[in-house]
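To keep things clear, I will list the structure first and then write my remarks on it.
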Amino acid sequence: MLAEIPEDQATGRVAALYDRIRAESGSSLVNFVWRHLATIDGAAEWGWSVARLNGDEESISSVSETADGEAQSIVERATGVAPLDLGREGRIIVEIYNRNNAANLFRMAVIKAALTGAADVLEGAVPCGPAAPPQDRSRIPPLPSAEQLGDGDAACIERLGAAGPASDTGIPPSLWRHLAVVPGGIEQVAGAVTPLLGGRLFRRAYDRLRSRADELARRRPVAVPGAATFDRRAALDGVERFYDRIGELTLAGRLVALLDSEGSAPHNSAMARKV
């Protein structure tokens with residue numbers, strides 16, 4: 001498991017960075033990738049500035065649309081998958097993660113391209129100012145710690161984390177742990193989604209999604225706030241691991257949303273009849 005500085009333990013410069021990420025990302029959630037990079041002195045600040053400088057909303061939307069289409073195709077071709085009912089709280093959690101994961105997948109592709117030389121780099125760019133007012137003002141419950149999980153929920157989270165193509169990254173997916181706050185929620189998700197994560201359809205969709213993110217990241221020069229003076233090797237290792245896990249979760253979260261029996265996806269009623 002990769003190290004992190006949890007939100008409730010952040011102080012000083014890290015706490016200030018987390019406040020900045022919340023204000024500029026439009027989300028009340030500081031994702032695990034930034035909590036990990038905060039353990040590498042200077043990496044999170046540089047990485048978030050790169051994300052803001054290259055905050056290409058059109059590319060992020062393209063990543064999201066690609067993920068939507070791939071997930072839809074998986075669900076339409078799946079058989080014997082039980083619909084989910086996660087309730088309002090569960091749907092808010094999934095919605096926030098789905099929005100953040102699509103954006104963070106593109107951001108990791110951009111940072112990876114800058115660190116590896118896969119894209120031209122323009123050094124010395126001035127980081128953007130504050131973004132537009134956050135769209136996500138929803139208060140989601142705190143992410144439960146591993147110690148707060150019951151044995152059954154912990155086992156379901158472990159099954160989900162080990163099922164997908166990014167299971168060897170050493171990154172426990174926060175989405176699955178967060179859904180444990182919904183009574184019976186993670187048990188439903190594990191039963192329905194675990195078989196899909198290990199299937200060939202998911203693997204192919206996962207590869208296509210990451211290829212699309214890489215293509216978009218390499219399309220134009222990457223603006224950076226200055227030379228990366230932190231431990232580049234450690235930062236790149238973390239970014240590549242998160243790139244893989246976030247790619248998996250960008251798809252998996254959409255599968256959950258599509259399978260939710262009360263969700264807004266237009267095919268849900270047909271899916272319920274199918275299964």
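The shown structure was predicted, so the numbers you read here are calculated from the model rather than taken from an experiment. In what follows, residues are counted from 1 in the order of the sequence shown.
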Requested in this report: Indicate yes or no for a side-chain donor-acceptor contact from Asn101 to the backbone of Tyr97 under 3.5 Å, with no hydrogens or angles considered.
Outcome: yes

Query - Residue pair Val224 / Val222, side-chain heavy-atom distance below 4.5 Å - result: yes

**Report entry** Minimum heavy-atom distance between Ser59 and Leu216, given as atom pair plus value
**Finding:** O-CD1, 3.6 Å

Requested in this report: Verify the neighbour count for atom CD of Glu187: are there more than 12 heavy atoms of other residues, nucleotides or ligands below 6.0 Å?
Outcome: no

Report task. Mark yes or no for whether His36, through its side chain, and Leu2, through its backbone, hold a donor-acceptor pair below 3.5 Å. Result -> no

**Report entry** Spacing of Gln188 atom CD and Cys156 atom SG [to the nearest 0.5 Å]
**Finding:** 10.5 Å

Query raised in the report: In this structure, are over 12 heavy atoms from other groups packed under 6.0 Å from Asp8 atom CG?
Result: yes

Query raised in the report: Should Leu143 and Arg35 be marked as a side chain to side chain contact (heavy atoms under 4.5 Å, CB included) after you check the CA-CA gap, both sets of side-chain angles, and the distance that decides it?
Result: CA-CA 13 Å; Leu143 179 68; Arg35 304 196 309 267; 3.8 Å; yes

Report task. Could you tell me whether the side chain of Asp231 and the main chain of Ile40 form a donor-acceptor pair under 3.5 Å? Result -> no

**Report entry** Distance (rounded to the nearest 0.5 Å) between Leu17 CG and Trp34 CH2
**Finding:** 8.5 Å

Report task. Evaluate the ring planes of Phe242 and Phe32, with Trp represented by its six-membered ring, and classify them as parallel (under 30°), tilted (30 to 60°) or perpendicular (over 60°). Result -> perpendicular

Requested in this report: With the side chain counted from C-beta on, respond yes when Asn98 and Val256 share a heavy-atom pair under 4.5 Å apart, and no when they do not.
Outcome: no

Report task. Any salt bridge (charged side-chain N to carboxylate O under 4.0 Å, His left out) involving residues 154-178? Give me the pairs, sequence neighbours left out, ordered by first then second residue. Result -> none

Query - For the student: nearest non-hydrogen atoms of Ala109 and Asp214, plus distance - result: CB-OD1, 4.0 Å

**Report entry** Distance-minimising heavy-atom pair for Pro173 and Leu249
**Finding:** CB-CD1, 3.6 Å

Query raised in the report: Quick one: does Gln9's side chain have a donor or acceptor within less than 3.5 Å of a partner on Pro6's backbone?
Result: no

Report task. For the residue pair Pro144 and Val181, establish whether any side-chain heavy-atom pair is separated by less than 4.5 Å. Result -> yes

Query raised in the report: Is the closest side-chain heavy-atom distance between Val81 and Leu259 below 4.5 Å?
Result: yes

Query raised in the report: Are Ser64 and Arg254 close enough, and set up right, to give a side chain to side chain donor-acceptor pair (under 3.5 Å), and what steps lead you there?
Result: CA-CA 10 Å; Ser64 184; Arg254 281 160 170 77; 2.9 Å; yes

Query raised in the report: Any salt bridge between Arg218 and Asp120, counting N to O under 4.0 Å?
Result: no

Query raised in the report: Do Arg204 and Ser73 come close enough that some side-chain heavy atom pair is under 4.5 Å?
Result: no

Query raised in the report: Distance-only, no hydrogens or angles: does the His178 side chain make a donor-acceptor pair with backbone N or O of Pro141 under 3.5 Å?
Result: yes

**Report entry** Chi angles and distances behind the salt bridge (charged side-chain N to carboxylate O under 4.0 Å, His left out) call for Glu7, Arg22
**Finding:** CA-CA 11 Å; Glu7 292 184 67; Arg22 293 186 198 98; 2.8 Å; yes

Requested in this report: Without swapping roles, check the side chain of Asn31 against the backbone of Val33 for a donor-acceptor pair under 3.5 Å.
Outcome: no

Report summary line: One should read off an interatomic distance between Glu248 CD and Leu197 CG, to the nearest 0.5 angstrom, of 5.5 Å

**Report entry** Hydrophobic cluster identity match, Leu201 and Val189, side-chain contacts under 4.5 Å
**Finding:** yes

Requested in this report: Please test Leu236 against Ile111 for side chain to side chain contact (heavy atoms under 4.5 Å, CB included), starting from the C-alpha separation and ending with a verdict.
Outcome: CA-CA 8 Å; Leu236 179 59; Ile111 295 171; over 6 Å; no

Report summary line: Correct closest heavy-atom pair for Leu105 and Ala213 would be CG-CB, 4.1 Å

Query raised in the report: Are any of the side-chain heavy atoms of Ser25 and Trp48 separated by less than 4.5 Å?
Result: yes

Query raised in the report: Are Glu95 and Arg99 within salt-bridge range, i.e. N to O under 4.0 Å?
Result: yes

Query raised in the report: Which pair of heavy atoms, one from Ala235 and one from Ala43, lies closest together, and at what distance?
Result: CB-CB, 4.2 Å

Query raised in the report: Going by heavy atoms in the side chains, are Pro221 and Val121 under 4.5 Å from each other?
Result: no

Query raised in the report: Is a donor on one side and an acceptor on the other found under 3.5 Å between the side chain of Arg245 and the backbone of Pro172?
Result: no

Query - Nearest-0.5 Å distance that lies between atom OG1 in Thr194 and atom CH2 in Trp176 - result: 8.0 Å

Query - Arg220/Asp56 ion pair, N-O < 4.0 Å - result: yes

Report task. State the CG-CD1 distance between Leu86 and Ile186, to the nearest 0.5 angstrom. Result -> 8.5 Å

Query raised in the report: Quick one: does Pro225's side chain get under 4.5 Å of Val50's, heavy atoms only?
Result: yes

Report task. Tell me whether the guanidinium CZ or amine NZ of Arg210 lies under 6.0 angstrom from the six-membered ring centre of Tyr206 and within 45° of its axis. Result -> yes

Requested in this report: Go through the side-chain N and O atoms of Thr66 and Arg208 and say whether any donor and acceptor fall under 3.5 Å apart.
Outcome: no

**Report entry** Straight-line distance of Glu70 CD to Leu251 CG, nearest 0.5 Å
**Finding:** 6.5 Å

Query raised in the report: Does one hydrophobic cluster hold both Leu53 and Trp46, with members joined at side-chain heavy-atom distances below 4.5 Å?
Result: no

Requested in this report: Taking only Lys NZ, Arg NE, NH1 and NH2, and the carboxylate oxygens of Asp or Glu, determine whether Lys112 and Glu240 approach each other closer than 4.0 Å.
Outcome: no

Report summary line: Nearest heavy-atom approach of Arg20 to Glu45 is NH1-O, 4.5 Å

Query - Cationic N near anionic O, under 4.0 Å, Arg203 to Asp207 - result: yes

